[in-house]
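As the structure lists them, so they are numbered: ligands from 1, and atoms in each ligand from 1. Just so you know, these numbers use all the heavy atoms, side chains as well, and skip hydrogens, waters and symmetry mates.
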Amino acid sequence: MKKTVEDSRLMRYLDERIRIRALLSFLLDEPMPGGARWAYVFGSMVFFALILQFVTGVMLAFYYGGTPDHAWDSVNYIDHLRYNNLDVGRLIRGLHDWGASMMVILVGVHLLQVFLWGAYKRPREIMWLVGIVLLGLTMTAAFTGYLLPWDERAYWGTIVGTNMIGLIPVIGPLLKSVIRGGTGLGALTLSHFFTIHTMVLPSLFILFVAFHLVIFRRVGPAGPFRGSPPTLEAQKEFFYPRQVLMDALGMLAVFVIIAGLAVVFPPGLEALANPANSSYNPTPAWYFDWIFELLKMIRPEILGVLGLPALIGIVLILLPFVDKKPERSPFKRPLAVLTTLFVLGAMVGLSVAAEAGYKKMVVLDQGSVLKGKVLFEQSGCLGCHTVMGKGGNIGPDLSEEGLVGHSEHWLEVQFVDSSKHFKDSPMPKFSYLKPEQLHELAQYVSSLGRTGWPDPTK
Ligand code: HEC
């Protein structure tokens with residue numbers, strides 16, 4: 001610290017009362033192994049993005065009404081809050097909205113770096129685990145926040161998202177109805193999501209971020225992956241001043257990017273959620289696209305008892321306990337690098353496929369849907385499939401099959417020859433159906449779930 005600041009009257013006053021010198025020295029005089037460097041700024045960037053979410057979130061909560069009757073109106077009101085000819089309301093919402101996407105990206109980058117740098121290895125296994133919890137909290141925050149504006153996008157995105165949870169074998173259906181607070185989305189879902197988003201998650205965030213940082217200060221930064229333990233020489237540089245400056249600039253960059261996006265692309269608000277609107281093409285938030293696409297491919301039970309996100313979670317949790325080799329350099333861990341490339345490539349590829357799929361989503365025509373419904377009932381499909389609580393359970397529940405995102409072609413192949421998709425499928429081949437009948441059946445199946453369930457609280 002600078003001499004003048006250190007000897008100022010304020011400093012002496014505070015030091016006598018709260019021992020500020022020891023505190024500052026504890027905070028700032030952390031040795032940086034290998035010296036200050038840009039590679040160390042990512043954690044601080046995530047931290048800053050989180051603080052920004054807290055601040056803008058509290059501001060929004062002042063004006064938000066968390067019931068289906070008021071949510072949309074209150075968000076619309078926020079969007080029209082002006083001050084000195086400035087759309088402050090929309091700006092704050094933009095910061096929060098883009099901040100959420102940014103957090104998902106930054107947490108991803110941070111995780112990726114820790115993985116590639118081998119920084120999760122002994123003795124940082126517990127810090128890694130806490131990081132995985134924070135990743136889970138981030139995704140849950142993004143997921144629950146998405147519903148709050150209660151517009152068409154929010155409503156249908158959450159229908160699709162919760163439907164995806166329902167596809168998890170064994171526990172999925174129960175999980176889905178617990179999360180929704182009933183069969184459909186309604187007042188209960190919104191208040192569940194609002195409470196989780198504004199009360200449960202922030203408390204957990206504070207707890208686990210504190211935990212993450214306390215461990216960080218106890219085991220110290222992992223340091224560069226090259227060379228063995230930091231030499232005395234390398235210990236000479238402390239957190240203050242150079243690393244503090246770099247971190248501050250990193251945070252500033254985060255703010256500039258989020259603010260820039262919020263100004264240039266302010267978040268939109270679609271029409272009020274309408275559960276009866278079957279012409280809306282429901283899609284999940286972009287960061288869930290790849291899971292959406294994967295679920296389309298891996299149905300049914302191929303993964304056994306585990307849903308895909310659960311499987312990824314388990315791999316991440318076990319990682320530091322399975323991979324015990326001390327080698328940290330990515331240049332000497334080809335498997336780690338190749339897995340990363342493969343996973344990233346797959347995620348991007350799947351997301352692109354999902355986005356392309358949304359454009360090709362079956363456009364419903366009410367006449368065909370109705371004819372398809374009759375065919376469905378006459379062809380004995382209900383003997384094996386349940387729709388809206390009625391039918392058999394040899395095959396999967398089709399109540400929300402229209403949200404899974406299959407193309408018309410996929411569905412028609414499914415009706416004619418199920419074994420093309422599922423080995424040894426017990427589903428009969430409906431090859432006697434004429435092309436237009438297949439079309440009508442596909443129309444009906446694609447409509448399932450695209451008109452909402454009634455709100456149980458009304
Ligand atoms: C004998 C029982 C049986 C009958 C009858 C039956 N299905 Fe199926 N169906 C299944 C099973 C089982 C599956 C799951 C795939 C598998 O394991 O073969 C399935 C899968 C499906 C799927 C794919 C679900 C997905 O997204 O993975 C659709 C769509 C479907 N059936 C529609 C129909 C329609 C429409 C009819 C009537 C024309 C019908 N099924 C009749 C047993 C049946």
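One N or O on the side chain of R124 and one on the backbone of V219 form a donor-acceptor pair closer than 3.5 Å.
For ligand 1, the atoms sitting less than 4.0 Å from at least one non-hydrogen atom of I394 are 12 (C), numbered in the order shown with element in parentheses. Atoms of ligand 1 lying under 4.0 Å from at least one heavy atom of S425, given by number and element, are 16 (C), 18 (O). Here is the list of ligand 1 atoms found below 4.0 Å of a heavy atom in C384: 1 (C), 2 (C), 3 (C), 4 (C), 5 (C), 42 (C), 43 (C). Close approach to G380 involves these atoms of ligand 1, each under 4.0 Å from a residue heavy atom: 5 (C). Atoms of ligand 1 found under 4.0 Å from any heavy atom of F415 (numbered from 1 in listed order, with element): 32 (C), 35 (C). The atoms of ligand 1 that sit less than 4.0 Å from any heavy atom of P426 are 1 (C), 12 (C), 18 (O).
A ring-ring contact (aromatic ring centres under 6.0 Å, His included) check over residues 97-125, counting only residues at least two apart or in different chains, returns the pairs F115-Y120, W117-F225, Y120-W128.
Using a 4.5 Å cut-off on side-chain heavy atoms (C-beta onward), P326 and K121 make no contact. For the pair Y280 and R450, the minimum side-chain heavy-atom distance is 4.5 Å or more.
Using a 4.0 angstrom heavy-atom cutoff, L433 does not count as in contact with ligand 1.
When all heavy atoms are compared, the tightest approach of P282 to V160 is CB-CG2, 3.5 Å.
At a heavy-atom cutoff of 4.0 Å, ligand 1 is contacted by the side chain of L411 but not by its backbone. No part of V404 comes within 4.0 Å of ligand 1, judged by heavy-atom distances. Residue-level proximity to ligand 1 for D424 is absent, since no heavy atom of it falls below 4.0 angstrom. Heavy atoms of H385 found under 4.0 angstrom from ligand 1 belong exclusively to the side chain.
Ring-centre distance between F42 and F47: not below the 6.0 Å cut-off.
By the 30° and 60° cut-offs, the orientation of the rings of W410 relative to F422 is perpendicular.
Not one N or O of W410 is nearer than 3.5 Å to an N or O of ligand 1, by distance alone. Ligand 1 has no N or O atom lying under 3.5 Å from any N or O atom of S379, backbone or side chain.
For atom 27 (O) of ligand 1, the candidate residues are F376, Y444, F430, F422; the nearest heavy-atom contact is made by F422. The closest non-hydrogen atom to atom 26 (O) of ligand 1, taken over K423, E401, Q414, comes from E401.
Side-chain polar atoms of N277 and Y155 form no donor-acceptor pair below 3.5 angstrom. Side-chain polar atoms of S419 and D417 form a donor-acceptor pair below 3.5 angstrom.
Looking at residues two or more places apart in sequence or on another chain, you find a side chain to side chain donor-acceptor pair (under 3.5 Å) between S44 and D247.
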